[in-house]
Amino acid sequence: MGGLEGGIRVPGILRWPGVLPASTIIDKATSLMDIYSTVAKLGGGMPPQDRIIDGKDLMPLLQGMVPNSDHEFMFHYCAEYLHAVRWQHNISDTVWKVHYISPKFTPEGAGACYGSKVCGCSDEKVIYHVPPLLYNLSNDPSEKNPLPTDSDLYNEVLQTIQKAVAHHNATLHAREYKLAPYLEKLENPKDRQILSRYRLSAHSLLIESGRHRQNYKPRENRLCQQCPQEAVEDEAHFLLRCPKYSAVRDTHFKRLSDLLSDFTSKEE
């Protein structure tokens, strides 16, 4: 559903007798990413300090210690595409949302993607809004009446949100993804899923989970702890060489080699 309210606004139910006040309704938007930060703090843990953590501690809001969520801005993605941005203006308590991209519903005139069952995130499956659509969610939660693009209010609000987007983008750092060229070559969605599952199995690596942060080392010095030889524990090492993950390779590697003739040559 991209960034539409009907797709992303769902209720959350929390219960903790003696800690959270009962029969309380909070209408401020939060994020699933907040669960990580909240649980980490409750458990006495510390989130990674070598990156920006988007999740916020929910406890002050849940216990009524603060009136608003720590999320002044929330960025709504569909896959890697930014579809919409929400702005909670804490002074006026007005909630604004700008849409850059919306899903193209099927059949035409429907309120969902019944034709494809799942809404697309980009290309011909979406509508790109130029200029963006801006809604006052406080007065228009169903997002039926966008503000006129020639109004002063539209330009003022959009300018504030655009600055927040620019700041947000500056915090994003692309990771080296060595399988990207192969992913682009696979047209069959099922084949792409095979490659993605193969890649996601690497999350147990120290270099992927951020556990090098306590004693920082340059990437070239982050050696695999499973191998006797001094091999850098990077994605290619996991996917093609590390003996610990031979079972994963046995499951996926032959299929990928059949699909992509150059799968081994470029990573060796």
Side-chain angles (χ1 to χ4, degrees), residues 1-10 12 29-37 48 51-56 71 73-87 96-108 110-135 137 143 161-162 164-203 205 207-210 235 238-239 252 255-256 259-260 263:
M1 297 293 289
L4 294 171
E5 289 292 286
I8 61 176
R9 179 178 281 272
V10 295
T30 58
S31 169
L32 279 176
M33 295 183 291
D34 298 334
I35 301 297
Y36 169 74
S37 298
R51 70 202 71 179
I52 291 177
I53 302 297
D54 292 313
K56 310 294 184 182
H71 293 287
F73 296 93
M74 298 185 73
F75 304 90
H76 302 298
Y77 281 84
C78 182
E80 69 269 34
Y81 301 96
L82 181 62
H83 276 213
V85 179
R86 176 194 306 268
W87 176 30
W96 301 95
K97 191 160 72 170
V98 61
H99 285 269
Y100 300 104
I101 305 173
S102 296
K104 188 180 294 183
F105 293 147
T106 55
E108 186 175 354
C113 303
Y114 296 110
S116 58
K117 296 184 179 180
V118 178
C119 292
C121 296
S122 63
D123 302 326
E124 72 282 353
K125 296 181 180 180
V126 300
I127 300 171
Y128 294 92
H129 301 296
V130 182
L133 301 179
L134 177 64
Y135 296 94
L137 295 183
E143 299 171 297
I161 294 177
Q162 296 285 54
V165 171
H167 180 268
H168 170 70
N169 288 338
T171 69
L172 303 178
H173 303 288
R175 290 179 59 256
E176 183 180 8
Y177 183 27
K178 296 185 178 182
L179 294 186
Y182 302 122
L183 193 62
E184 294 172 358
K185 293 180 181 180
L186 297 174
E187 297 182 359
N188 189 318
K190 292 185 178 180
D191 294 335
R192 293 169 68 94
Q193 290 176 3
I194 292 175
L195 187 59
S196 297
R197 284 197 297 268
Y198 190 22
R199 161 66 186 90
L200 290 175
S201 303
H203 283 180
L205 297 179
I207 202 167
E208 297 294 331
S209 60
E235 190 175 63
F238 158 78
L239 292 170
H252 299 295
R255 173 60 175 161
L256 294 172
L259 292 169
L260 303 163
F263 183 65

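When a residue number appears, it is its place in the shown sequence, counting from 1. Values reported hereafter were calculated over all heavy atoms of this structure, with side chains retained and with hydrogens, waters and symmetry mates removed.
The neighbour count for K104 NZ, taken as heavy atoms of other residues, nucleotides or ligands under 6.0 Å away, is above 12.
In this structure, SG in C78 is found 10.5 Å from CG in L4, a value given to the nearest 0.5 Å. Note that NZ of K97 and NE2 of H76 are 5.0 Å apart. Values are rounded to the nearest 0.5 Å. Here the OG1 atom belonging to T30 is positioned 6.5 Å from the CE atom belonging to M74, to the nearest 0.5 angstrom. Interatomic distance, L134 CG to H129 NE2, rounded to the nearest 0.5 Å: 12.0 Å. Taken from NE2 in H71 to CG in D54, the straight-line distance is 8.0 Å, to the nearest 0.5 Å. Taking NE2 of H83 as the reference point, atom OH of Y128 lies at 7.0 Å (rounded to 0.5 Å).
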_Candidate pair Y81 and V126, rule side-chain contact (heavy atoms from CB on, under 4.5 Å), full reasoning_ = CA-CA 11 Å; Y81 301 96; V126 300; over 6 Å; no
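Less than 2.5 angstrom separates the SG atom of C113 from that of C119.
Applying the salt bridge (Lys or Arg N to Asp or Glu O under 4.0 Å) test to every pair with at least one member in residues 73-83, sequence neighbours left out, gives no pairs at all.
Within the 4.5 Å cutoff, no side-chain heavy atoms of F73 are placed close to those of V165. In this structure, L133 and Y135 have side chains that are in contact, with non-hydrogen atoms separated by less than 4.5 Å.
Aromatic ring pairs are classed by plane angle as parallel below 30°, tilted from 30° to 60° and perpendicular above 60°; the pair F75 and H168 is parallel.
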